[in-house]
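So you know, we letter chains A, B, ... as the sequences are listed, proteins then strands, and number each from 1. Values below: all heavy atoms of this structure, side chains included; hydrogens, waters and symmetry mates excluded.
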Amino acid sequence: MKPRLFRTTSVRLATLGVGFATLSTGIVFAIVYLGTLGAIRATIDADIDNEIAEITIQGPTTPLPAITAAVRAAIAAPPGGTFYLLTGPTGHPIAGNLAIPMPRPGWHNLTAPASHPFAPHITNLRARAEPLGTTGATLLVAENATILVELDQLIRRSFILAFIVTLALGLAGGIAFGRRALSRIEAVSEAGETIMKGDLTRRIPLSRAGDEFDHLATVINTMLARIEDLMNNIRAVGDEIAHDLRSPLARLRESLELLLLDPTRLTPARIVPAIEDAITQVDATLALAAGILRLAQIESGARRTGFAPIDLTTLLTEIAETYEAVAEDAGATLLTTIAPNLTIEGDATLLTQCLANLLENAITHGRATPPAPSTIHLTARSTPPTITIAIADNGPGIPAPRHAEALRRFGRLDPSRTTTGHGLGLPLAAAIATLHDTTLTLTPTHPDSHGLTVTLILNGYEISG
Amino acid sequence: MEPRRGLNILLIEDDARSAELVRAGLAPEGHAVTIAPDGRIGLLRAGGEEWDVVIVDRMLPGLDGLGLLRMLRGAGIATPVLFLTALGGVDDRVAGLRAGGDDYLVKPFAIAELSARIAALIRRGSTKPAATTIRIADLEIDRLTHRVTRAGRSITLKPREYALLDYLARHAGEVVTRTMLLEDVWGFHFDPQTSVVESHISRLRAKLRTGPEPELIHTIRGAGYRLADET
């Protein structure tokens with residue numbers, strides 16, 4: 001399912017952001033609104049209180065005629081936007097410049113009547129109706145409060161405008177980010193789908209931004225490269241296994257069929273060696289299969305858990321002693337120079353196999369051309385912070401361009417495949433080296449490119465004796 | 001060589017053909033092989049009856065070999081157990097031995113190999129602590145000082161040669177296979193492509209027999225070697 005824009009995290013986050021921005025704007029506006037209007041109203045109210053106090057100069061006992069005179073005097077004063085209304089006990093107007101019915105005592109917000117003197121500039125009034133003690137009359141003083149209404153409207157409009165702008169910008173930003181994220185994710189999923197359909201070479205495009213998407217894409221691309229490697233490996237190994245297993249099996253089938261072709265030859269004297277021969281061929285095939293499995297197991301890296309400190313000097317000495325005899329029987333001499341007290345961290349079983357494979361390789365394939373004597377030199381020395389192990393033969397060597405091939409699976413350099421060995425010796429050694437965070441290097445032993453030296457540089461140390 | 005008593009062996013193996021091959025292969029040795037076709041039946045029979053050796057396949061229907069062995073050992077049954085398995089990795093081997101297996105044989109195997117390992121298991125279970133001196137005919141091995149003499153003549157052996165002789169001597173009269181030697185003397189859990197065992201056996205033979213003395217290390221065709229006085 002393809003993600004829709006309005007369900008993307010970016011848009012959801014943007015919406016949430018807009019919500020919070022609106023809320024905070026609203027709160028700010030509310031504070032400004034209430035504060036401003038409150039302050040202005042307080043000023044107006046103070047003016048009104050002041051006015052009432054001036055008119056009722058003698059307090060509650062001020063006689064009505066004195067009040068009436070004061071109201072008339074105030075009206076006659078230069079116009080200041082203040083309105084008066086004095087009504088008698090029955091509610092009839094006695095004096096004033098505001099023709100409205102007297103409201104109940106207390107504070108009021110009034111709409112100015114159309115008939116008042118400053119229409120239409122003054123639309124709203126703030127008024128206080130005050131009963132005048134024992135006289136039964138009521139005095140109303142009103143001030144121009146149009147500004148309150150105007151401010152109110154101004155603030156409301158500003159808020160709505162700010163809200164719309166916030167909303168619009170927030171949503172637009174969210175959508176833009178969402179689109180961008182979506183297009184990046186779209187690229188990832190598109191690449192994923194292509195890969196699932198079988199194109200393992202496909203990678204996720206990187207932007208130049210170096211953002212978190214690029215970081216993620218780089219990780220995924222690295223993973224994809226590794227998967228592609230593994231898949232290619234599996235494919236190649238599959239082909240190679242098929243080829244390598246098929247040849248001996250085909251030979252086996254032929255020899256068995258040959259036996260059947262002439263039933264007169266089916267005497268015990270012929271059958272027993274034929275069966276023995278068949279078992280030998282099957283065993284060779286099985287050994288090859290076992291080698292392939294072992295290589296796969298080592299390459300998976302699972303053995304790293306078995307790492308422990310190894311007394312490399314002893315391990316090398318024992319292997320050397322073992323292969324001195326083998327080399328001698330094969331007409332070669334194994335010389336050793338092993339430094340004392342070498343220690344490394346690793347898997348002893350696998351390192352033993354690695355070194356055994358390298359020595360066997362040298363013994364089998366590193367024969368010097370007669371009459372020159374075949375010599376194999378095993379050296380191990382401390383090269384802080386590493387330990388260098390080298391196995392050098394004086395055989396025909398391997399031309400440099402074919403070194404990589406020699407380390408590859410089934411990279412047997414003899415195309416007729418008639419030499420002994422299943423061609424997994426060097427690759428197994430290389431895989432074990434990789435497991436120990438190092439690589440095998442192949443170099444010619446002699447300057448004239450004769451001989452092969454395999455060097456293995458391991459992280460290790462020399463115990464000071 | 002002394003005649004070997006026929007053993008009572010329980011084979012827990014789901015593959016009928018494999019099981020039959022083991023039964024037929026061990027019959028000439030006089031061993032009676034009873035077959036249990038799955039893990040549960042195997043566990044019941046292994047726990048309920050007396051056996052000399054139990055052979056267990058690692059991958060079984062019902063209850064797998066490792067689990068079976070853990071339960072067996074948990075129940076205090078100490079019958080020697082040999083694992084048969086198609087899982088040949090070093091880790092698989094360690095897991096098998098850790099679960100309480102006494103030996104581990106990777107399929108496919110030669111019957112001679114299985115037979116030799118069964119013999120070794122039985123012997124391991126029955127012998128007293130290894131003697132400090134082993135004598136075979138006129139050969140004497142002092143296991144404390146690693147001194148070897150034949151008819152009073154001192155023989156100098158290299159460490160590997162001594163280890164090889166010591167192993168053969170501890171299994172005197174039994175067939176030891178090439179794989180057993182590689183695993184136990186050399187610690188090689190892989191199949192070398194060169195004649196490691198053969199080279200050392202021939203050197204050891206040459207050092208043990210300089211004159212007309214009888215040969216002590218015998219090659220058993222298709223199986224391995226046996227150190228014995230067969231005069």
Legend entry - 4.5 Å side-chain heavy-atom contact, A:Tyr323 and B:Thr194: yes
Inset, instruction - Hey, could you give me the CZ/OG1 distance between B:Phe190 and A:Thr349, rounded to the nearest 0.5 Å? - result: 9.5 Å
Inset, instruction - Please flag which part of B:Pro108 lies under 4.5 Å from any non-hydrogen atom of chain A: side chain, backbone, both or neither. - result: side chain
Inset, instruction - May I ask you to say whether A:Glu276 pairs ionically with B:Arg221, meaning some side-chain N is under 4.0 Å from a carboxylate O? - result: yes
Inset, instruction - Give the minimum heavy-atom separation between B:Phe188 and A:Thr322, together with the two atoms involved. - result: CZ-CG2, 4.4 Å
Legend entry - Per-residue contact mode, B:Arg203 against chain A (heavy atom under 4.5 angstrom): side chain
Inset, instruction - Provide the closest heavy-atom pair for B:Ser199 versus A:Asp329 in the form atom of the first, atom of the second, distance. - result: OG-OD2, 2.7 Å
Legend entry - Non-hydrogen side-chain atoms of B:Lys158 and A:Glu324 separated by less than 4.5 Å: yes
Legend entry - Heavy-atom neighbours of B:Arg209 CZ exceed 12 at 6.0 Å: yes
Inset, instruction - Specify which of A:Glu328, A:Glu321, A:Glu318 makes the most heavy-atom pairs with chain B at under 4.5 Å. - result: A:Glu321
Inset, instruction - Kindly determine whether A:Asn361 and B:Gln193 satisfy side-chain contact (heavy atoms from CB on, under 4.5 Å), including the steps that lead there. - result: CA-CA 9 Å; A:Asn361 205 59; B:Gln193 299 295 303; over 6 Å; no
Inset, instruction - State whether the number of non-hydrogen atoms from other residues, nucleotides or ligands found under 6.0 Å of B:Arg153 atom CZ is greater than 12. - result: yes
